[in-house]
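Okay, so here's the structure we're looking at.
Below, all heavy atoms of this structure are taken into account, side chains as well, without hydrogens, waters or symmetry copies. Source: prediction; values computed, not measured. A, B, ... follow the sequence lines: proteins, then strands. Residue 1 opens every chain.
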2 protein chains.
Amino acid sequence: MVRRTKEDAERTRLQIIEAARKTFHQCGVSRTSLEKVAAAAGVTRGAVYWHFADKAALFFAMRETSLAVIDRADAFLFGDESGDPLDAIEQSMVYFFRTMSTCPAARETYEIMSFRCEYVDEFASVLQEVNRPCVEFQAKLTTAYQQALALGIMRPELDPDAMALDSVSFVRGLFNNWLASSPGTEWRDQVEDMIHTHVALRRITPPRA
Amino acid sequence: MVRRTKEDAERTRLQIIEAARKTFHQCGVSRTSLEKVAAAAGVTRGAVYWHFADKAALFFAMRETSLAVIDRADAFLFGDESGDPLDAIEQSMVYFFRTMSTCPAARETYEIMSFRCEYVDEFASVLQEVNRPCVEFQAKLTTAYQQALALGIMRPELDPDAMALDSVSFVRGLFNNWLASSPGTEWRDQVEDMIHTHVALRRITPPRA
DNA sequence: CTATTTACATACATTGTTGATTGTATATAA
DNA sequence: TTATATACAATCAACAATGTATGTAAATAG
């Protein structure tokens with residue numbers, strides 16, 4: 001079976017990316033040979049090398065393809081300008097974890113990036129890529145907390161910058177724990193309660209006295 | 001240079017472990033060949049294979065050697081029974097990060113475990129090893145928060161279990177951010193302030209109104 | 001004093017991975 | 001219709017890493 005149409009070629013490309021994700025997830029990035037990926041995709045190494053220069057290029061293509069869904073998470077933070085900024089913060093966090101729950105491709109990709117990839121040489125830059133969304137989210141959180149303060153919703157003695165830092169650490173740690181816990185553990189179900197508790201800590205009115 | 005005394009052999013063993021840490025840190029675990037480790041330690045692969053069965057055994061030996069310092073971190077949590085349990089929580093977190101700052105071996109080991117190791121096959125169990133201290137710390141935090149509540153130091157509407165979960169996520173995320181940030185970044189200096197802010201959120205008295 | 005064990009070094013056989021090269025059928029453009 | 005670029009398959013040489021097997025001198029036990 002050889003030369004097919006452009007659409008077929010694109011399908012082959014996506015098949016290879018999917019196969020790469022599964023194989024990376026199962027074997028880890030460094031123990032994944034392109035031979036394995038090709039076999040999982042039902043093609044030969046030749047096809048893989050045609051579409052991607054090397055393993056790193058395939059990795060980054062996979063990352064970009066799988067995480068497109070996530071980029072909307074913090075846009076969500078300012079879509080809800082109408083209401084309570086603390087609610088918006090809570091909802092954006094919840095949205096993120098809901099997306100992770102419902103989109104296995106995104107979850108697997110994060111698992112690969114967190115636990116099955118070594119950040120050296122060609123992959124050293126991935127660390128920055130993982131950090132950047134954190135920094136951006138922190139900036140947006142600061143703004144939201146400032147609004148909350150101005151609106152009198154947040155406890156007045158709290159500093160928006162400090163709260164943003166606390167929340168970013170919280171989300172990152174929560175996400176790590178969520179990823180590291182086996183599915184079915186209590187962790188995964190508690191997440192939304194934990195987010196609610198976290199945000200409620202900042203509110204003027206005690207949450208559920 | 002051949003057969004030496006038992007003390008020399010032990011020194012050789014430690015040299016190999018140190019060399020392994022440096023090489024793992026620089027090249028990542030999977031790209032570290034035992035040849036590289038041997039060269040860095042100034043011995044041959046034969047010596048490495050004499051002391052350790054394979055790369056995984058060397059990895060675990062390194063882990064155990066380097067992280068012995070840390071185990072005392074949460075014992076610290078209950079040494080200070082006399083005073084304020086919220087202070088004890090804060091101090092134990094601060095102690096942990098101070099140790100990380102002053103002990104490069106521990107920091108490098110955590111960097112290896114976090115960013116330079118793929119948790120598959122022989123290394124899959126490392127994930128559990130990383131999680132276990134978190135679970136233990138969470139249990140101890142719950143107790144401490146219960147004490148704080150009983151003593152009337154903590155805001156009465158807060159739930160000790162929920163606070164422990166929040167704090168564990170916070171510490172894990174903070175630690176990840178700390179590890180991922182290059183040394184010299186603002187992050188590293190802000191850590192103690194962030195911990196103080198985090199704990200102060202739970203106090204009855206507003207921190208620094 | 002010798003016998004054995006220890007602590008390595010050296011050599012080798014096997015395997016896996018890579019990237020390049022070559023082959024070829026098809027799509028597409030002229 | 002023909003020429004050429006495209007999308008893939010198949011093969012291959014080179015290398016790197018692993019684990020094991022064997023060699024050996026010094027330490028230690030008896």
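Here the rule is side chain to side chain contact (heavy atoms under 4.5 Å, CB included) with A/Pro85, and of A/Thr143, A/Ile153, A/Leu141 only A/Ile153 fits it.
Within a 6.0 Å sphere centred on CD of A/Gln138, heavy atoms belonging to other residues, nucleotides or ligands number more than 12.
At C/dT18, one or more side-chain N or O atoms of A/Lys55 fall inside 4.0 Å of OP1 or OP2 (strictly under the cut-off).
Put simply, CG on B/Asp54 is 13 Å from C1' on D/dA17, counting in whole angstrom units. With rounding to whole Å, A/Glu7 atom CD is found 16 Å from D/dT6 atom P. C/dT18 atom P lies 11 Å from atom CD of A/Glu122, rounded to whole Å. Per the geometry, NZ belonging to A/Lys6 stands 7 Å off P belonging to C/dT28, to the nearest Å.
Between A/His198 and A/Val171 the shortest side-chain heavy-atom distance does not fall below 4.5 Å.
Listed by residue number, the members of residues 11-38 of chain B with any heavy atom below 4.0 angstrom from DNA chain C are B/Thr12. Against DNA chain C, the stretch residues 41-52 of chain B makes heavy-atom approaches under 4.0 Å through B/Val43, B/Thr44, B/Arg45, B/Gly46, B/Ala47, B/Trp50, B/His51.
Between the side chains of A/Tyr145 and A/Ser167, at least one donor-acceptor pair of N or O atoms lies under 3.5 Å.
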Could you list the donor-acceptor pairs under 3.5 angstrom formed between side-chain atoms of residues 46-56 of chain A and any protein atom two or more places apart in sequence or on another chain?
from    : atom 1 : to      : atom 2 : distance (Å)
A/Asp54 : OD1    : A/Ala56 : N      : 3.3
A/Asp54 : OD1    : A/Ala57 : N      : 3.0
A/Lys55 : NZ     : A/Val29 : O      : 3.0
A/Lys55 : NZ     : A/Ser30 : O      : 3.4
A/Lys55 : NZ     : A/Thr32 : O      : 3.1

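Residue pairs meeting the salt bridge (charged side-chain N to carboxylate O under 4.0 Å, His left out) criterion with at least one partner in residues 161-172 of chain B, sequence neighbours excluded, are B/Asp166-B/Arg202. Screening residues 88-101 of chain A for salt bridge (charged side-chain N to carboxylate O under 4.0 Å, His left out), with sequence neighbours left out, gives A/Arg98-A/Glu192. Among residues at least two apart or in separate chains, salt bridge (charged side-chain N to carboxylate O under 4.0 Å, His left out) pairs with a member in residues 14-28 of chain B are B/Glu18-B/Lys22, B/Arg21-B/Glu108.
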